[in-house]
Amino acid sequence: MKIEENFSLLNYNTFHLPVKTRWFMEYDSEEELERILHDEYFQECRTLPIGCGSNLLFINNFDGIVFHSLIKGMEITKETDDAVYLRIGAGELWDDVAAYAVSNNWGGIENLSYIPGETGAAAVQNIGAYGVELKDVIDTVEAYNQLSFEKSSFTKEECLYGYRSSRFKSEIDDPYKDPYIVTYVTIKLTKKPVYTLHYGELKKRFEGQQDISLQEIRDAVIQIRKEKLPDPAEWGNAGSFFMNPTVEPEQYALLKQQYPDIPAYDTEDGKKKLAAGWLIEQCGFKGKTIGKVKVHDKQALVLINLGEADGHAIGDVADDIHTAVKEQFGVLLIPEVKYIQ
Ligand code: EPU
């Protein structure tokens, strides 16, 4: 177990903000995590479990304890003729899992290739791309409840998954303590892959092609992501800053009259999901630099720290975007990125 005081989170947030946390703890087993959760001093502290910090915006230094999982490993816990169940430590890099699945020809997460972050955070966030969400392959998620000190294994249904949301993602939004800390994620992968290629750009690339391999899909996804999204190692960013907003069909019909090209997708509950990137682009932000923050020129949903921006500056640009989209379209954008005040 490693506990550090006044620890720099520069390498633990992909916006590259030079913030500090009062305490930082890394653990490589559930026992170590349990020990620290029972520590009376730390029970009084604000807590924040993080992966790579690829979805966080630190507005200030963090006056509490940041937990980072070093629980690793990928283990087959069950195998049938059709499927393998893979139990993965929360601290595994998500893309290592995607690469491992593809190299074994196990289908289900090839479309989720190259998403930054770690597996525990991926399950909290229900990461999604190119027509697939992590929930589609989730079998169970194991997590500690740091308020009740209980460890539970949640079935997919009990995880209460929605678009970029889950029961682990503080709907209860307690800024003081996230109730859950995910330790292991078990996914069910298929040995007889069914490809998901309906998403625009993937569809275009594989149109008419027979005998597609999982590796080819992974390679195509990596290529598309590299073309559209800035590499966080080079440019501080957290992927999509906002979620794609959902509107009632009536509001969509009005918008469609005014903006015939507006992209929209049907949701399972009969609503319409709009493309936040399109709305932001229409408001003139795409490629714009505001102080030390840039709105990405290939995808307006991504805000980039050009080097010396702080959390306030990035948050201010996000506020400007929110206001402009609200004024022009009457649509409220909700950040996908979690603000840490
Ligand atoms: N669009 C624009 N201008 C832009 C950006 C997008 O007009 O600047 C339009 C596109 O032309 C397209 C539509 O908006 O018609 C959707 O764009 P895109 O396919 O790039 O996907 P997205 O909805 O912007 C979502 C996820 C991404 C994920 C992609 C691919 C959210 C918030 N974002 O983006 O996830 O990679 O789909 O499936 O749902 C992330 O969550 O960090 C992330 C990168």
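If you read the sequence from its start, that first residue is 1, and numbering goes on from there. The figures here come from the full heavy-atom set of this structure, side chains too, leaving out hydrogens, waters and symmetry mates. Remember, it's 1-based here, ligands and their atoms both numbered in the order they're listed. Note that the coordinates shown come from a computational prediction; the quantities given were computed from them, not determined experimentally.
By the neighbour-count criterion of 12 heavy atoms within 6.0 Å, atom NZ of Lys191 is densely surrounded, having more than that number from other residues, nucleotides or ligands.
For Thr246, the side-chain contact (heavy atoms from CB on, under 4.5 Å) partners are Thr267, Lys271, Lys273, not counting sequence neighbours. In terms of the ring pair (Phe, Tyr, Trp, His ring centres under 6.0 Å) criterion, residue partners of Phe24 (sequence neighbours excluded) are, by chain and number, Phe7, Tyr12.
Scanning all protein heavy atoms for the shortest distance to atom 9 (C) of ligand 1 gives Trp278 CB, 4.1 Å. Atom 38 (O) of ligand 1 has its closest protein heavy atom at Tyr130 N, 2.6 Å. Closest protein heavy atom to atom 21 (O) of ligand 1: Tyr199 OH, 3.1 Å. Among protein heavy atoms, the minimum distance from atom 6 (C) of ligand 1 is reached at Gln299 OE1, 3.8 Å. The shortest contact between atom 44 (C) of ligand 1 and any protein heavy atom is with Ser240 OG, 3.3 Å. For atom 23 (O) of ligand 1, the closest heavy atom belonging to the protein is Asn244 ND2, 2.8 Å. Summary of contacts: the protein heavy atom closest to atom 28 (C) of ligand 1 is Gly128 O, 4.0 Å. With respect to atom 35 (O) of ligand 1, the closest heavy atom belonging to the protein is Arg164 NH2, 3.1 Å.
Residue contacts with ligand 1 for Glu281 involve side-chain atoms from C-beta outward but no N, CA, C or O (heavy atoms, distance under 4.0 Å). Contacts of Arg225 with ligand 1, taken as heavy-atom pairs under 4.0 Å, involve the side chain alone. When non-hydrogen atoms are compared, ligand 1 lies under 4.0 Å from the side chain of Glu336 (C-beta onward) but not from its backbone. Within the 4.0 Å heavy-atom criterion, neither part of Tyr114 lies near ligand 1.
The NZ atom of Lys288 sits 13.0 Å away from atom CD of Glu281, with the distance rounded to the nearest 0.5 Å. Distance check: Leu147 CG to Gln43 CD gives 10.0 Å after rounding to the nearest 0.5 Å. Rounding to the nearest 0.5 Å gives a distance of 8.0 Å between NE2 of His16 and CG of Asn305. One distance of note links CG of Asn237 with NE2 of His296; it measures 8.0 Å at 0.5 Å rounding.
No hydrogens or angles considered: a donor-acceptor pair under 3.5 Å links the side chains of Tyr144 and Glu34. Looking at Ser69 and Glu118, their side chains never bring a donor and an acceptor atom within 3.5 Å of each other.
Listed by number with element, the atoms of ligand 1 under 4.0 Å from a non-hydrogen atom of Lys286 are 3 (N), 4 (C), 8 (O). Near Gly239, meaning under 4.0 Å from any of its heavy atoms, are these atoms of ligand 1: 42 (O). The Tyr163 neighbourhood of ligand 1 comprises atoms 31 (C), 32 (C), 39 (O), with distances under 4.0 Å to a heavy atom of that residue. Contact atoms of ligand 1 toward Phe242: 32 (C) (distance under 4.0 Å to a heavy atom of the residue). Here is the list of ligand 1 atoms found below 4.0 Å of a heavy atom in Ala129: 36 (O), 38 (O). Below 4.0 Å from some heavy atom of Lys228 lie the following atoms of ligand 1, by number and element: 18 (P), 19 (O), 20 (O).
Taking distance alone, with nitrogen or oxygen atoms compared against 3.5 Å, Lys298 stays at or beyond that limit from ligand 1. For ligand 1, one of its N or O atoms has an N or O atom of Ala300 under 3.5 Å away.
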Report task. Would you please test Phe154 and Phe168 for ring-ring contact (aromatic ring centres under 6.0 Å, His included) and show each step? Result -> CA-CA 10 Å; Phe154 297 94; Phe168 313 109; 5.4 Å; yes
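Annotation: cation-pi pair Lys272/Tyr252 present, NZ/CZ under 6.0 Å from the ring centroid and within 45° of its normal.
Residue contact annotation: Tyr265 has a non-hydrogen atom under 4.0 Å from ligand 1.
Hydrophobic clustering of Ile, Leu, Val, Met, Phe, Trp and Tyr side chains at less than 4.5 Å, counting indirect connections, keeps Leu112 apart from Phe206.
For atom 11 (O) of ligand 1, the nearest protein heavy atom lies 4.0 Å or farther away.
Taking 4.0 Å as the cut-off between side-chain N and carboxylate O, Lys228 and Glu201 count as a salt-bridged pair.
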